[in-house]
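Protein chains get the first letters and strands the later ones, always in sequence-line order, with residue 1 at the start of each. Just so you know, these numbers use all the heavy atoms, side chains as well, and skip hydrogens, waters and symmetry mates.
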Amino acid sequence: MGLSDPVVLFFLLGFAASLMKSELKLPASLYETLSILLLLAIGLKGGVELAKQASWALLGQSLAVLAMGVILPILAFPLLRVFGFARADAASLVAHYGSVSVGTFAVAVAFLAAQGVSFEEYLPLFVVVLEVPAILVGIVLAKGISRDTDWKALGHELFLGKSIVLLIGGLLIGWIAGPTGVKPLEPLFFTLFKPLLGLFLLEMGLIAASQLGSLKRYGVPLVVFATVMPLVSSVVGALLGLALNMSVGGVAMLATLAASASYIAVPAAMRMAVPEANPSLSLTASLGITFPFNIVIGIPLYLQLAQWLAANL
Amino acid sequence: MGLSDPVVLFFLLGFAASLMKSELKLPASLYETLSILLLLAIGLKGGVELAKQASWALLGQSLAVLAMGVILPILAFPLLRVFGFARADAASLVAHYGSVSVGTFAVAVAFLAAQGVSFEEYLPLFVVVLEVPAILVGIVLAKGISRDTDWKALGHELFLGKSIVLLIGGLLIGWIAGPTGVKPLEPLFFTLFKPLLGLFLLEMGLIAASQLGSLKRYGVPLVVFATVMPLVSSVVGALLGLALNMSVGGVAMLATLAASASYIAVPAAMRMAVPEANPSLSLTASLGITFPFNIVIGIPLYLQLAQWLAANL
Amino acid sequence: MGLSDPVVLFFLLGFAASLMKSELKLPASLYETLSILLLLAIGLKGGVELAKQASWALLGQSLAVLAMGVILPILAFPLLRVFGFARADAASLVAHYGSVSVGTFAVAVAFLAAQGVSFEEYLPLFVVVLEVPAILVGIVLAKGISRDTDWKALGHELFLGKSIVLLIGGLLIGWIAGPTGVKPLEPLFFTLFKPLLGLFLLEMGLIAASQLGSLKRYGVPLVVFATVMPLVSSVVGALLGLALNMSVGGVAMLATLAASASYIAVPAAMRMAVPEANPSLSLTASLGITFPFNIVIGIPLYLQLAQWLAANL
Amino acid sequence: MQTHQRTLLTVICEAVLEHKLEQALEKLGAPGWTISDARGRGGRGVRSAGWDTEGNIRLEIICNRELAQTIADYLHENFYANFAMVCYLSTVEVFRADKF
Amino acid sequence: MQTHQRTLLTVICEAVLEHKLEQALEKLGAPGWTISDARGRGGRGVRSAGWDTEGNIRLEIICNRELAQTIADYLHENFYANFAMVCYLSTVEVFRADKF
Amino acid sequence: MQTHQRTLLTVICEAVLEHKLEQALEKLGAPGWTISDARGRGGRGVRSAGWDTEGNIRLEIICNRELAQTIADYLHENFYANFAMVCYLSTVEVFRADKF
Ligand SMILES: Nc1ncnc2c1ncn2[C@@H]1O[C@H](COP(=O)(O)O)[C@@H](O)[C@H]1O
Ligand SMILES: Nc1ncnc2c1ncn2[C@@H]1O[C@H](COP(=O)(O)O)[C@@H](O)[C@H]1O
Ligand SMILES: Nc1ncnc2c1ncn2[C@@H]1O[C@H](COP(=O)(O)O)[C@@H](O)[C@H]1O
Ligand code: NA
Ligand code: NA
Ligand code: NA
């Protein structure tokens, strides 16, 4: 089902082309442009919803989601240590998985729309909420709360990185301009959302497959982590969604957010804050394994999970 | 009012991100692409109008507007000299302010549309008319009409620069293809105009704020010039619009054109023709001060001025 | 008639700007992006049709078209040799002309749509079919079937080059997703097709004119070949279309495909496989002469040819 | 014009370091520098510049031998352990002795 | 830090060769390389990088003198006849003798 | 292969000069050149290549010592006063003596 959605097909095209060593290459600036558009689109959607229904209840929900972003990496860290990962590497890995992948979120949006399943429109807000805390947790896990850490530079890195600025910026623009103000922007950010996402996934397919080269080096433990962690996290996310009284679509989306692993904001931040962590390890896991896994298998599964939970609880 | 228009919000997002030293950066080729699209869109709109209503009256109006583009810099030049600017610098500055900013024009188009104020559709023609003459005036003010000037190279620079070719090219395409011929192009050049303008302004915000660094160096006189000059010019433009019997919207647009300062065509031309002028001085003024000023404060003001003039004269 | 279509006007704008040595330049990544979009759009359209009507008859037609792609270069080769072209150069030239130009195909699509002439929707399939065989023929003509040729590397070059991967990829995505699945992609690939094609042709105009510099070096024989070859091929293509019982539009399209010369896939492949062929010779012919010729004169002519044949045979 | 010998220090490293290196160069008193984008392969594997910061930069600093050595030492201490980085020195002739 | 003399081989050639050259470098045992995009003019005319692969690349390899010579010979034999290509050698000082 | 000494003149300057420099090089008889995009900082401040021509180019010419000197002198006379520009020379070995 998920497999025949054209955006997933674009991903598979890129993936296959890369595996077959095709010369297909998208210009780097196209990839950058697409990710800017996706981040702004998601921010704008969330902001328009805030304009309609900002409330204390929503703030409470956001805090609960934030707590999930802190707790998941803390729980995963000791497990990774047991499996023999070095301290810095384990910390970096859990930071990636505690945060979120905007691309995965976008695919879930497209998937639910294609399935005719609606969800709470303010969910993009949670993308913003989940982006940063896991990075902080990761750094503390790697270094302890030492005086050495240049917290000022770190805060800068965290809150002024490209993706967070675009998400929050889009959110604010959507909030201030409101539904009518944003209307003229829709042809780019909403009507073209799905085909642009398709192009983005074409490039992601190329990149994801190119990460597989390093898979051999890291072996089975990494593959296990990169597929089991999203599954476990998705259950946590789904249960949190239930606890927050969300709709079936909302539960599926929160499960997806929990299950997804960052490959934009976190790698950049960890590279500067915990340079002794091997960046290729985390990228191989999040981009090479978890991203394809979520897009092709995970998202449909998380929707079924949400439906099952709604029917049985 | 103007502040809550989403395209202005995009500008402010870029401006704020740059001031806070965010890592947000748009690919240079995206900026280039957006400016190409804006120039073509404006040219096409003007051309379609020409196809509908080219007339001797329009030619007369164009000449009057051209005269304004020649006179404004000549009047401003001695004032700048009095304030202590070097000859080349003063000449370069007035060339920037006698010409026009396509980005400012585009924001005014979006603003008037949002306000439901219509204007003469052939106004893009005046953007083309105003682009070049001030550059010539600036060069003559800087160098006199000397034999040294390589007029052939200069003419090339003036009439074959990127922005003028795209404006005139768009104009001709719109004129020849006419309203029905241009119809299939509308999804890109008209429907997406506003969101693409938003992206463009995001980048302009980043660039404008980065110019502020040099502000300290040039100090108060430059700030005064860069805010007073557009105000004075806008009055001249508005009065010309009245004299030409234009609608309220048309008067506001002509005031905006007069008030705006070039930051694409003129810098490039002056750099080659008057290299002894400090390019950073003019850019700081036009991009760092006048552009934000016009976008946030000026345009709504010029509309009020047009409305006041229509009501009181 | 053809001349006033806005996409042709964009081409002429680029061509004129380049001849007048304007500074107009499109970012290289924009050109790449546009060609990616065109290739995907054409593939998708073909794929959607396959989803509707894949059949043995269509397979038969494809084989006939493929045969044309093999025979045309074999016939042209000895003629070129007679006119004094070196073996490698002649082989490379006929490979370019036996293959197809996706840009020319796209202009023909836009032209027929503007003329209200419909054609068999599965024609993009023939673009894919014609892309590769002429390259193989060219290589064999240049080198014979020698053991030296690294057929593995060559196969890679042929079937995993950028354009063929995007065409076939788009085809498969369109086929698998089907008409309803592709619907959400239409705003980018179908609605924006014509304006994006316009931009693409603007760049093609710049490039085509820049090839003219080398024209003097190669002289009259090349010009003759680059205008006569498409005319002859178009007749062959049209007759094949008739034999295949195609509609007037289909016959015109097949004539256009036969007449068009590749400037993306073939140059890249020949450069690696037959490096002793002068790449500039083939590019001057296909890009500098045949492409403009087809776009401005050829396509309207081929439609008339198809109409004449339909009326008289 | 007369020429003067100076040292050209070339650094090839991960693009993500650009900002940090600029801060360091300013602190250490480099008279100027030039950066261009690059890709490549080395001890830390392929860096193909396909997306984002997964590429290299190529940084050149013309200065006196002593400063070049100081900068190289600084880079060694701060970055060699954890980042993909290569440095080398060469001798060049400049025209304006006071500028470098 | 102490420095060691090595040879820097710079190759400027058609962008279309990038992949082939990388394969050759790997085969010949180059310790690493750096590539950046370029444009230019030479005996084979203007290569303006305006579109597609109509541009050049600039390839740098730091290695010992002998290997540099081997690579240059290889390029000469395989590419000079049919491709736009320029090579040159210069002497540089590196800090890690074992790396290059 | 045997090598021959030549001079490599490297010029780093404002991107806006590209066309003018190419004309000059042609006039002065340069056998070829290579250009790549760059950014940097120098006496005339930051040139970050963020938009349009607000960046630098890096121009390399391999030629004989004399011509390199002539070109450098020409640049000095025509551009140093008003443009961001840096030049330097270095010695390289080429393989085809007649080409450079
Ligand atoms: N021998 C070499 N010659 C030229 N460039 C090199 C060499 N070794 C490494 N590099 C460049 O320096 C970067 C970092 O090197 P490394 O730290 O060895 O991975 C690589 O990505 C290459 O771009
Ligand atoms: N004398 C030169 N100095 C610097 N670069 C050169 C020189 N000659 C050629 N090149 C570069 O090498 C490429 C190939 O040269 P060629 O094979 O002579 O066409 C050109 O496109 C230039 O980028
Ligand atoms: N010491 C230096 N080392 C390397 N590049 C430099 C140096 N000084 C200046 N540059 C480059 O040359 C350009 C022009 O220099 P300037 O004329 O000093 O502003 C700068 O933007 C830098 O890219
Ligand atoms: Na997560
Ligand atoms: Na003005
Ligand atoms: Na053909």
Carefully, step by step, assess E:E60 and D:Y88 under the rule side chain to side chain contact (heavy atoms under 4.5 Å, CB included). CA-CA 12 Å; E:E60 291 171 300; D:Y88 61 87; 3.3 Å; yes
Give the C-alpha distance, both sets of side-chain angles, the deciding distance and a yes or no for side chain to side chain contact (heavy atoms under 4.5 Å, CB included) between D:L89 and E:T3. CA-CA 9 Å; D:L89 302 177; E:T3 66; 4.2 Å; yes
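- No part of E:Q5 comes within reach of chain D, as not one of its non-hydrogen atoms sits under 4.5 angstrom from that chain.
- The two atoms that bring D:A38 and E:T34 nearest to each other are CB-CG2, 3.7 Å, heavy atoms only.
- Of the listed residues (E:K99, E:R96, E:R58), the greatest number of heavy-atom pairs within a distance under 4.5 Å of chain D belongs to E:R96.
- Per-residue heavy-atom pair counts under 4.5 Å with chain D were compared for E:E26, E:R6, E:E22, and the maximum is reached by E:E26.
- By number of non-hydrogen pairs under 4.5 angstrom with chain D, the leading residue of E:I35, E:L8, E:D37 is E:I35.
- Put simply, CD1 on D:I12 and OG on E:S36 are 8.5 Å apart, with the number rounded to the nearest 0.5 Å.
- For D:D73, the parts lying near chain E are the backbone and the side chain together; criterion is any non-hydrogen pair under 4.5 Å.
- When every heavy atom of D:S90 is checked against every heavy atom of E:T91, the shortest pair comes out as CB-O, 4.0 Å.
- Within the 4.5 angstrom heavy-atom criterion, no atom of E:L25 approaches chain D.
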Run the side chain to side chain contact (heavy atoms under 4.5 Å, CB included) test on D:R39 and E:W33 for me, step by step, so that the C-alpha distance in whole Å, both residues' side-chain angles and the decisive distance to 0.1 Å come before the verdict. CA-CA 8 Å; D:R39 52 192 176 278; E:W33 59 84; over 6 Å; no
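- A salt bridge links D:R65 with E:E93: the distance from a Lys NZ or Arg NE/NH1/NH2 to an Asp or Glu carboxylate oxygen falls below 4.0 Å.
- In this structure, no portion of E:L59 lies under 4.5 Å from any heavy atom of chain D.
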